[in-house]
Amino acid sequence: MESFVQIKWDQKKYEGKLTYEEGDLVEVDLAESVDIGVGKPVDCLLARNYEEIYNFNGVVLARNDTRLLLFIPPTESDYRLQRRRYPRFDTKAKGWVTSCEAFHSKDLFDQQSVEIINLSLGGLAFRCNKELNSKHQFKLYIDLSYNQSGGTLCADVEIIHTRKANDYLYGCKVTGITSRNLYMLRRYLLQRQLEMLLESK
């Protein structure tokens, strides 16, 4: 069975094929055109097969004739269970790390500058010229001021693999993040994902 989406708008139901789904984004190709403005919330039903059918509330991010690009805000449980499905984007952001022990002892001199290589909702990779103790938990700061998201992102990370090249390359998973920083990260990733998707059309 082909996956499809039903959208309820202005007391009428519209049905279309699911043409893209990744992270917080869903693209639908409707059987007929519908006049829904960008930013409008819509009630949706998604069916992947006869056993997997669920409702969600989406927000229209972009539209083109019969195609709608919808943003689906995930619940907290969705984030924990599904963050691996989120795309990872290459980046050249600057950042710095400090061990959680140094952070809590206010040892502000125990910091190491890093270059963020890629970034996703649940993990990231960075490069630095110093070997780090992989047994430590780290506070990671990422400068997003070059992006429209702006600000400095902060998260707790754990190193899960290390590779030595000219520098040290570290792959990490995010183990702790505040709601404000999670919002900033999701906003940045959504911007990147939306830009790439629209460029490919």
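- Atom-to-atom distance recorded for Leu194:CG and Phe71:CZ is 11.0 Å, nearest 0.5 angstrom.
- The main-chain N or O of Asp90 is found under 3.5 Å from a side-chain atom of Arg192 such that the two form a donor-acceptor pair.
- A distance-only check finds a donor-acceptor pair linking the side chain of Thr19 to the backbone of Glu27 [under 3.5 Å].
- With contacts defined as side-chain heavy-atom distances shorter than 4.5 Å, the pair Lys139/Asp156 qualifies.
- Without hydrogens or angle criteria, Trp9 side chain to Asp35 main chain gives a donor-acceptor distance under 3.5 Å.
- Taking every heavy atom of both residues into account, Ala125 and Arg88 meet most closely at N-NH1, 4.1 Å.
- Side-chain contact between Leu140 and Val174 is absent, with no heavy-atom pair separated by less than 4.5 Å.
- Among all heavy-atom pairs drawn from Glu131 and Tyr170, the shortest one is CA-OH, 3.1 Å.
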Please step through side-chain contact (heavy atoms from CB on, under 4.5 Å) for the pair Leu25 and Leu190, ending with a clear verdict.
CA-CA 8 Å; Leu25 293 184; Leu190 185 62; 3.4 Å; yes
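- Under the 4.5 Å side-chain heavy-atom criterion for ILVMFWY residues, no single connected hydrophobic cluster contains both Tyr183 and Val59.
- If you take OG on Ser179 and CE on Met184, they are separated by 11.0 Å, rounding to the nearest 0.5 Å.
- Rounded to the nearest 0.5 Å, atoms CG (Asp10) and CD1 (Ile36) are 9.0 Å apart.
- Evaluation of the side chain to side chain contact (heavy atoms under 4.5 Å, CB included) rule for Leu18 yields Ser3, Val5, Glu21, Val26, Leu46 as partners, not counting sequence neighbours.
- Val60 has its side chain out of reach of Leu69: every pair of non-hydrogen atoms, C-beta onward, lies at least 4.5 Å apart.
- Evaluated for a salt bridge (charged side-chain N to carboxylate O under 4.0 Å, His left out) with Glu32, the options Lys12, Lys13, Arg67 yield exactly one hit, Lys12.
- In this structure a side-chain-to-backbone donor-acceptor pair under 3.5 Å is missing from Arg127 to Val114.
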With side-chain contact (heavy atoms from CB on, under 4.5 Å) as the test, would you mind laying out the steps for Arg63 and Lys40 before giving the verdict?
CA-CA 11 Å; Arg63 62 184 302 270; Lys40 296 293 186 181; over 6 Å; no
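- Residue Tyr141 is tested with Leu153, Thr152, Val97 for a side-chain contact (heavy atoms from CB on, under 4.5 Å); the sole match is Thr152.
- Within the 3.5 Å criterion, the main-chain N or O of Asp29 finds no donor-acceptor partner in the side chain of Thr66.
- Side chains of Phe138 and Gln112 form no contact here, defined as non-hydrogen atoms less than 4.5 Å apart.
- A distance-only check finds a donor-acceptor pair linking the side chain of Asn181 to the backbone of Cys154 [under 3.5 Å].
- Here CD1 of Ile142 is found 5.5 Å from CG of Leu124. Values are rounded to the nearest 0.5 Å.
- Counting heavy atoms from C-beta on, the side chains of Leu119 and Phe89 never come closer than 4.5 Å.
- Linking Ile, Leu, Val, Met, Phe, Trp and Tyr residues whenever their side-chain heavy atoms come within less than 4.5 Å leaves Tyr188 and Ile117 in two separate clusters.
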Stepwise salt bridge (charged side-chain N to carboxylate O under 4.0 Å, His left out) test for Glu15 and Lys8:
CA-CA 9 Å; Glu15 187 171 307; Lys8 184 178 180 182; over 6 Å; no
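- For the atom pair NZ of Lys164 and OG1 of Thr162, the computed distance is 11.5 Å after rounding to the nearest 0.5 Å.
- Closest approach of Ser33 to Tyr14, counting heavy atoms only: O-CE2, 4.1 Å.
- Both Val157 and Tyr168 are members of a single hydrophobic cluster when ILVMFWY side chains are connected at heavy-atom separations under 4.5 Å.
- In the model, Asp43 has no side-chain atom that pairs as donor or acceptor with a side-chain atom of Gln6 under 3.5 Å.
- You'll find the side chain of Leu70 reaches within 4.5 Å of the side chain of Cys44, heavy atoms only.
- If you chain together hydrophobic residues whose side chains sit under 4.5 Å apart, Leu169 and Phe126 never meet in one group.
- Environment of CG in Asn166: sparse, with no more than 12 heavy atoms of neighbouring residues, nucleotides or ligands closer than 6.0 Å.
- When side chains are defined from C-beta on, Leu189 counts as touching Leu121, because their heavy atoms get closer than 4.5 Å.
- Nearest approach of Cys172 to Ile159, heavy atoms of both residues: SG-CG1, 3.9 Å.
- For Thr98 and Gln111, the side-chain atoms include no donor-acceptor pair closer than 3.5 Å.
- Side chains of Lys130 and Ser113 form no contact here, defined as non-hydrogen atoms less than 4.5 Å apart.
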